[in-house]
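All heavy atoms count here, side chains included; hydrogens, waters and symmetry mates do not. Throughout, a chain's letter reflects where its sequence line sits, starting with A, and its residues are numbered from 1.
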Amino acid sequence: MTLKIYNTLTRKKETFRPIREGEIGLYVCGITVYDYCHIGHARVLVAFDAITRYLRSQDWQVNYVRNITDIDDKILNRAAENNEDYTKLTARMINAMHEDERALAVLEPDSEPRATGHIDNIINMIQNLVDNHYAYRADNGDIYYRVKRFPDYGKLTNINLDELLSGARVEPDEAKEDPRDFALWKAAAEDETGWDSPLGRGRPGWHIECSAMSTSTLGETFDIHGGGPDLPFPHHENEIAQSEAATGKTFVHYWMHAGAVRVDDEKMSKSLNNFFTIREVLKKYHPEVVRFFLLSSHYRSPINYSEDNLIEARQGLERFYQALRDFSDVALLNDDELKQSSWYKRFTEAMNDDFNTREAFAAMYDLVRELNTAAREQRSDARHLAAQLKGLGALLGLLDADPETFLQGGGTLGQSASDGLSEQQIEILITEREAAKTAKDYARADELREQLQGLGVILEDSREGTRWRRE
RNA sequence: GGCUGGAUGGCAGAGUGGUCAUGCAGCGGACUGCAACUCCGUUCACGCCGGUUCGAUUCCGACUCCAGCCUCCA
């Protein structure tokens with residue numbers, strides 16, 4: 001089955017053709033670690049995690065590289081504000097990032113290079129660019145990329161160099177030959193953070209670290225480069241200019257960019273200061289609800305982070321776990337068994353079409369209905385349907401929790417204690433209600449049920465007894 | 001202003017040249033002591049104007065509006 005991927009470079013959905021048969025080199029721009037990750041980071045992390053999991057399930061050998069930018073002006077400024085060494089700040093933020101990733105079931109990439117671990121590669125690449133006149137050393141000691149010398153500049157985002165110049169936003173800098181040039185190496189004084197090198201003492205500018213890390217881990221030309229919605233310009237445009245000038249080869253075949261996360265229908269940005277960190281979000285919502293929410297739109301569409309939409313995601317996920325409730329013990333199918341399934345076929349058709357997770361969900365919801373019907377009729381295929389549902393969920397990193405635990409957790413974590421009702425207390429009230437029901441004292445039974453409902457506990461009666469879940 | 005992408009039912013959100021998206025919500029029914037869960041049925045749709053076509057929400061063009069990037073940001 002052919003895999004189609006929307007390529008930012010061509011602005012078209014294209015049939016994916018790997019450089020080497022069966023293999024995919026994937027580089028995703030990771031985090032600049034000067035603060036906690038926010039919900040926008042979460043989207044990129046979760047989207048490429050789901051994509052990578054899916055590709056591997058289709059027998060692609062994926063080499064997934066996601067970098068950490070751990071040296072940068074924002075980091076140095078923040079460290080100075082905190083009056084701490086910048087490596088202390090980045091170490092703390094990297095730990096926090098890893099915690100957030102684990103919570104969201106984001107698997108580790110195959111490698112996670114850090115800018116400070118690639119200083120030699122960065123220096124070599126800049127030296128190469130200087131030697132070939134793609135870069136020059138300015139009077140202030142900074143080294144800039146000579147944008148004019150790279151004729152393809154702007155091919156990713158279709159910008160016109162002259163118009164870029166007329167845009168007043170380009171910062172005029174006396175040291176530059178041309179205001180459009182950007183820094184590769186920033187000169188550093190002895191008492192500033194920097195590395196000694198043939199380029200002079202300094203530190204890398206933003207952009208060059210990704211060119212160095214990606215080409216040194218995946219080769220001068222690789223398959224897919226991904227990132228957030230604000231990266232095509234200037235970051236990826238500059239990466240192309242640096243890398244292709246340095247190697248003389250095509251840098252990347254497919255460019256993938258996630259859509260923006262909005263907050264209550266407002267643009268989310270650092271300057272508006274309206275972003276939510278992942279850890280704040282996880283205080284309100286179960287991590288799988290957040291993951292499900294992020295995957296419930298196509299990865300390229302804008303998505304709106306709001307109370308309503310998160311509640312909706314929770315309800316959707318609850319539908320899956322309700323269906324799996326009586327099948328928590330079913331074993332996962334092996335690959336061959338799963339691939340026999342017609343549901344699997346529909347699911348993969350959706351995913352092979354530029355990773356259409358929402359369409360894949362539609363197939364899973366239809367499977368849920370079939371499963372519920374089978375279970376109601378006590379059909380023998382119910383267990384197999386449940387196993388297929390879990391199998392499809394696993395391809396996206398979903399539905400791995402114990403259904404009862406998920407439903408009784410009520411879509412958030414750790415709220416049972418603050419609710420004032422322990423599981424034991426709930427069970428006691430349910431037993432009391434059972435007694436009232438047996439005695440046909442329905443008024444008392446309803447009173448108990450309403451009491452529990454007021455505390456966020458929903459009861460569900462069945463022939464086998466009463467189950468409960470939190471809203 | 002330039003460059004991208006989009007406009008689908010009450011909301012969210014896919015997709016298709018002519019028969020169903022899907023989820024939530026609503027309505028009717030089954031189940032239930034009553035509910036909840038679940039199942040069955042069902043209402044509600046493709047921004048606006050032209051064109052192509054036997055037929056367009058789907059293709060083409062104009063228009064209007066919205067979002068992202070062009071400034072730190074994933």
Just the table, please: protein N/O against nucleotides 1-3 of chain B N/O, every pair under 3.5 Å.
| from | atom 1 | to | atom 2 | distance (Å) |
| --- | --- | --- | --- | --- |
| B/rG2 | O2' | A/Glu163 | OE1 | 2.7 |
| B/rC3 | O3' | A/Asn158 | ND2 | 3.0 |
| B/rC3 | O2' | A/Thr157 | O | 2.6 |

Can you tabulate the close N/O pairs, meaning under 3.5 Å, that link protein atoms to atoms of nucleotides 23-27 of chain B?
| from | atom 1 | to | atom 2 | distance (Å) |
| --- | --- | --- | --- | --- |
| B/rG23 | OP1 | A/Arg369 | NH2 | 2.7 |
| B/rG23 | N2 | A/Glu312 | OE1 | 3.3 |
| B/rG23 | N2 | A/Glu312 | OE2 | 2.8 |
| B/rC24 | O2' | A/Gln315 | OE1 | 3.1 |

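Using cut-offs of 30° and 60° for the angle between ring planes, the A/His207 and A/His235 rings count as tilted.
Candidate nucleotides B/rA74, B/rA35, B/rC73 were compared by shortest atom distance to the side chain of A/Arg449, and B/rA35 ranks first.
With A/Arg291 contributing its side chain and A/Leu104 its backbone, the two residues share a donor-acceptor pair below 3.5 Å.
Where A/Gln453 and A/Gly227 meet RNA chain B, the nucleotide closest to each residue was compared, and A/Gln453 sits on the side nearer the 5' end.
Atom name P, nucleotides B/rU16 and B/rC11: the rounded distance is 23 Å, in whole Å. Atom name C1', nucleotides B/rU38 and B/rG23: the rounded distance is 16 Å, in whole Å.
As rounded to whole Å, 20 Å separates atom P of B/rC69 from atom CG of A/Leu9. Protein atom CG of A/Asn356 is 16 Å distant from nucleotide atom P of B/rA21, rounded to whole Å. The CG-P distance, from A/Asp461 to B/rA36, rounds to 11 Å in whole Å. Here the P atom of nucleotide B/rA36 and the CD atom of A/Gln322 are 13 Å apart, to the nearest Å.
Cation-pi geometry between A/Arg300 and A/Tyr6 is met: under 6.0 angstrom from the ring centre, within 45 degrees of the axis.
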(Q) Let's go through A/Asp72 and A/Thr32 carefully: what are the C-alpha distance in whole Å and the side-chain angles of both, what is the deciding distance for side-chain hydrogen bond (donor to acceptor under 3.5 Å, both in side chains) to 0.1 Å, and is it a yes or a no? (A) CA-CA 8 Å; A/Asp72 162 275; A/Thr32 301; 5.2 Å; no

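Using modelled atom types, one finds no donor on one side chain facing an acceptor on the other under 3.5 Å when comparing A/Asp223 with A/Tyr27.
Helical stems of RNA chain B (runs of at least 3 Watson-Crick or G-U pairs, donor-acceptor distances under 3.5 Å) are listed by first residue: B:1-7 with B:64-70, B:10-12 with B:22-24, B:26-30 with B:38-42, B:49-51 with B:59-61.
Interface remark: the A/Thr373 side chain does not form any donor-acceptor pair with the B/rC39 base, using a distance-only criterion of under 3.5 Å.
Contact annotation for A/Trp468: no contact, since no heavy-atom pair falls under 4.0 Å across all strands. Counting any heavy atom pair closer than 4.0 Å across all strands shown, A/Lys74 reaches sugar-phosphate atoms only and no base atom.
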